[in-house]
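To find a chain, count down the sequence lines: A is the first, B the second, and so on, and within it residues start at 1.
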Amino acid sequence: MTTHEQQEQQEQDVKLFFSSHLLEWYHGQKRDLPWRRHRNPYYIWISEIMLQQTRVDTVIPYFNRFIERFPTVESLADAPEEEVLKCWEGLGYYSRARNLQHAARQVKELYGGQVPDDRDAVFGLKGVGPYTAGAILSIAFNRPEPAVDGNVMRVLSRYFLLEDDIAKGPTRVKMERLAAELIPEGEASYFNQALMELGALVCTPKSPRCLPCPVMEHCAARLAGCETSLPVKTKAKPPRPEERLAALVTGSGEHAGRVLIRQRPQSGLLARMWELPHWPAPPAEGGAAGALLPEAAALDRLRRSLRQAGIFARPEGHWTAAEHTFSHIVWTLQVYTCREEDAPALPLAAEARASYAAAGAAEPPVELFEGGSGHPEDGGAVRWINREDMESYAFPNVFLKLLNRYFDEAEQQES
DNA sequence: AAGTCGGGGGC
DNA sequence: GCCCCAGACTT
């Protein structure tokens, strides 16, 4: 046998060792997760969409509620979109929910309500990319397809000491080829889950638990002592800060005891979710970025933004500040309590024109809803709600917390 | 290839 | 604070 052939044989042995030991470990260590109790392709599919960029512990309660409310593909396909969004409330990446329902309608109409088991069909479902397609095909149907996510790339980077940047596209393709080679005959479902389970429980990003690892013996990174410096991944850009003024408008007259909420536009950030109205804060005088706007200026700006949006209310004072972090933006919301007022006798357009004229040409126009086209169906719908009504609207977490806190405080003041 | 899309847990 | 998570989609 040549040296080259010996080397190849050794690589094969290391791969076989990995696959067999990992599989055996999985059968002893796998967690009891709701979507693992039956091999139901619909359950697998829902769980995989929820698990995109989201931890198992976070997903479990959402999954259980979702399956209870939408037990079948058809029930999901036929549901009102707001109900799907409400089920997703707080889970983030809300386009996942909309895409999921779109895909449920695809499955209902194209495949008779049965989740398809062939590659092209699964890939064609909205919201299903390379990872999720591989996960559905392998976990639900035991097809020998790779399912390469962050866990898998981390595990493979370490075991095979691969220094490719996992943030780059081609790296995933390379990992998929490798992961496909590793699948033992007829064991795609368990093996792919085992790979991810190892990444979640043992081969963690920081301080991996190498001693109990079933494949430590041949882990190249461990042998080289560099397991904590893998995988290589370029840093994400820091999110840009955005200062915003938010209005907590309490109703008077027929709206007494209620708070004003607004719906976001059809597309983009937090699409179709409900929120307290808010607008970009003008830069503070003196120009220092992040400097706090003087209260009087904020109150005045908010009053005009509200009026421009057709809301007649008087900002009264600063209530609280709240932060909300997205992947690419950080909102700092300065929340002001505002009191609903009677609409003025003058029509809004005339009011607005007079307001601009009085302010002079230097006054910047305040958009009705930035990013929107101005059409009502693009968002901007408003409602006056009490605490019980919150059941009917889906809110991003920051507004969920603000509203709950407000209603708590209002209740305490009554008693 | 880079930007857009949430939110939380772990350290 | 920072990192990353069972990623997909758009440009």
Quiz item: Taking CD from A/Glu48 and C1' from C/dA6, how many angstroms apart are they, rounded to a whole number?
Solution: 5 Å
Quiz item: Are A/His218 and A/Phe18 close enough, and set up right, to give a ring pair (Phe, Tyr, Trp, His ring centres under 6.0 Å), and what steps lead you there?
Solution: CA-CA 8 Å; A/His218 290 295; A/Phe18 179 83; over 10 Å; no
Practice problem: Assess whether atom CD of A/Gln7 is packed by more than 12 heavy atoms of other residues, nucleotides or ligands within 6.0 Å. | Solution: no
Practice problem: Would you kindly check whether a donor in the side chain of A/Thr58 faces an acceptor in the base of B/dG8, or vice versa, at under 3.5 angstrom? | Solution: no
Exercise. Using a 4.0 Å heavy-atom cut-off across all strands, classify A/Arg98 as base, sugar-phosphate, or nothing.
Key: nothing
Practice problem: Assert yes or no for the condition that the ring centre distance of A/Tyr62 to A/Phe66 is strictly below 6.0 Å. | Solution: no
Practice problem: Check every strand shown and say whether A/Ser207 touches a base, only sugar-phosphate, or nothing at a heavy-atom separation below 4.0 Å. | Solution: nothing
Quiz item: Are the side chains of A/Tyr406 and A/Val259 in touch, meaning some heavy atoms are under 4.5 Å apart?
Solution: yes
Quiz item: What does A/Val152 touch in the nucleic acid at a heavy-atom separation under 4.0 angstrom: a base, only the sugar-phosphate, or nothing?
Solution: nothing
Self-check item: Watson-Crick or G-U stems involving DNA chain B, each at least 3 pairs long, distances under 3.5 Å, ordered by first number
Solution: B:1-5 with C:7-11, B:7-11 with C:1-5
Practice problem: May I ask you to say what A/Arg272 touches in the nucleic acid, namely base, sugar-phosphate or nothing, with a heavy-atom cut-off under 4.0 Å? | Solution: nothing
Practice problem: Identify whether any heavy atom of A/Pro238 sits under 4.0 Å from a base atom; if not, whether one sits that close to sugar-phosphate; answer base, sugar-phosphate or nothing. | Solution: nothing
Quiz item: Given atom NE2 of A/His102 and atom C1' of C/dA8, what is their separation to the nearest angstrom?
Solution: 14 Å
Quiz item: Could a donor-acceptor pair under 3.5 angstrom be found where the side chain of A/Thr204 meets the base of B/dG10?
Solution: no
Self-check item: Whichever of A/Gly169 and A/Gln53 has its nearest DNA chain B nucleotide further upstream toward 5'
Solution: A/Gly169
Practice problem: Look at the side chain of A/Tyr93 and decide which nucleotide, out of B/dG9, B/dC5, B/dG3, has an atom nearest to it. | Solution: B/dC5
